[in-house]
Amino acid sequence: MLFSPSLVTTNRKNGMACNRSIDMIGYPMDLGAGRRGVDMGPTALRIAGIQEKLECLGYSVNDLGDICIHSRQDLKISDPRLKYVDEIATAAQILADQVEKSLAQDHFPLCLGGDHGVAIGSIAGVSAFCRKNGRTPGVIWIDAHADMNTEKTTPSGNIHGMALAIALGLGDPRLTHLNGYAPKIQPEHSALIGIRKIDRLEKQTLKNRRLPVYTMSDIDRKGIDFIIGNILKNLKAHVDHIHVSFDVDSVDPLIAPGVGTPVSGGLTYREIHLLMETIAECGCMSSMDVAEVNPILDNRNTSAKLAADIVASSMGMRIL
Ligand SMILES: [Mn+2]
């Protein structure tokens, strides 16, 4: 493997050892989404060269393959307000166990969605690891949506719109109580960024929980550099493990059309890269999801390629 010596130095300086191992875990799930297609996300990201991009940065990457998930043809919706809840809970527990195992081996778990319900399992795994090792977990949620619905507020019954609420302990116990406890994350140890579409009742939950939310208007006014700087400063003071949950729909659909739920007015190419570069510089990210790549809506895999580059930025890829 050839890589430039300057990149190795940069990685070391950032606190990410250049020989650090990444465990890539595919989560081909579309049961949480309204539209089909995101179950092909892990394949699209692999074809986009995500592994090679990370290896070029000096990491050793273990592709652990895909977690086995039943397809919706084989399943029935028992509760229209929590579609496919049992299958989602089963798969989330399998992912949680794998993420915990990777962290216990001092590997970096990179979870490839699949719909954003991937975060239910990944955060449960992060939380379990932190609990056993006396650490406090935090999460940076990069998304067009807040994903703060519960079965009581959801307009669709799609569980991918509930993933953050579930991590915070709100919702059905089959999902909130993986590993037998809730919440997995405290609201003050989370931050939402890129938000521009919130359902009416979901807005109330966000306000009640006093979550730190940075909308696109905040980004327009204050700039992405200032906002991510503040988020990282605050999290670093209070948590020892930062999980980044990256929904590719946070990026503007003009450059990332192949996502589950596109919403206009998203992060620009430069904003998302700067955000991720700042996270890499901080050297404090310990696990990550990349979710909602939908090849059916994509244009020659451009969104998956963009997502793979963005992940590489978050892991230390630099212009200079
Ligand atoms: Mn999302």
Side-chain angles (χ1 to χ4, degrees), residues 27-39 41-42 44-45 82-84 88 91-92 95 110-124 126 139-151 153-168 170-171 175 184-185 187 190-199 201-203 205-206 209 211-216 219 243-253 256-267 272 275-276 287-294 297 303-304 306-307 310-311 314:
Y27 196 71
M29 158 87 74
D30 76 346
L31 299 174
R35 223 186 234 146
R36 307 244 17 214
V38 289
D39 52 321
L45 288 162
L82 281 166
K83 292 177 184 164
Y84 309 107
I88 291 174
L95 178 63
L110 173 61
C111 306
L112 311 179
D115 68 60
H116 210 169
V118 63
I120 300 169
S122 61
I123 293 177
V126 165
V139 66
I140 302 177
W141 197 267
I142 307 168
D143 204 324
H145 311 85
D147 295 346
M148 277 296 291
N149 273 301
T150 66
E151 66 276 16
T153 65
T154 175
S156 66
N158 297 330
I159 289 177
H160 72 161
M162 310 179 191
L164 181 57
I166 288 161
L168 296 170
L170 306 173
L175 299 166
K184 306 296 193 262
I185 298 271
S190 59
L192 294 82
I193 184 160
I195 312 303
R196 54 195 184 275
K197 191 166 185 307
I198 307 174
D199 296 319
L201 297 171
E202 190 184 22
K203 211 172 274 188
T205 317
L206 270 180
R209 298 278 148 175
L211 284 172
V213 183
Y214 299 89
T215 64
M216 285 311 299
I219 294 166
H243 177 80
V244 172
S245 200
F246 169 47
D247 187 325
V248 183
D249 75 18
S250 57
V251 181
D252 197 280
V259 296
T261 331
V263 188
S264 306
L267 296 166
I272 187 66
L275 194 173
M276 292 306 198
S287 49
M288 185 180 200
D289 315 313
V290 47
E292 299 281 350
V293 168
N294 189 337
L297 303 177
S303 307
L306 177 73
I310 294 168
V311 171
S314 77

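As the structure lists them, so they are numbered: ligands from 1, and atoms in each ligand from 1. All of these numbers come straight from a predicted model, not from anything done at the bench. The figures that follow rest on heavy atoms only: side chains count, while hydrogens, waters and symmetry mates do not.
How far CG of D247 is from CG of L192: 11.5 Å, rounded to the nearest 0.5 Å.
Nearest N/O/S atom of D147 with respect to the Mn ion (ligand 1) is recorded as OD2. The Mn ion (ligand 1) is closest to atom ND1 of H116 (considering only N, O or S atoms). Within D247, the N/O/S atom positioned nearest the Mn ion (ligand 1) carries the name OD2. The Mn ion (ligand 1) sits nearest to atom OD2 when only the N, O or S atoms of D143 are considered.
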side-chain contact (heavy atoms from CB on, under 4.5 Å), that's the test. Do I195 and L206 meet it? Break it down for me. CA-CA 12 Å; I195 312 303; L206 270 180; 5.6 Å; no
Take D199 and T153 through the side-chain contact (heavy atoms from CB on, under 4.5 Å) test and state the conclusion after the steps. CA-CA 8 Å; D199 296 319; T153 65; over 6 Å; no
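Between H116 and the choices N158, T261, D289, D143, the side-chain hydrogen bond (donor to acceptor under 3.5 Å, both in side chains) rule is met once, by D143.
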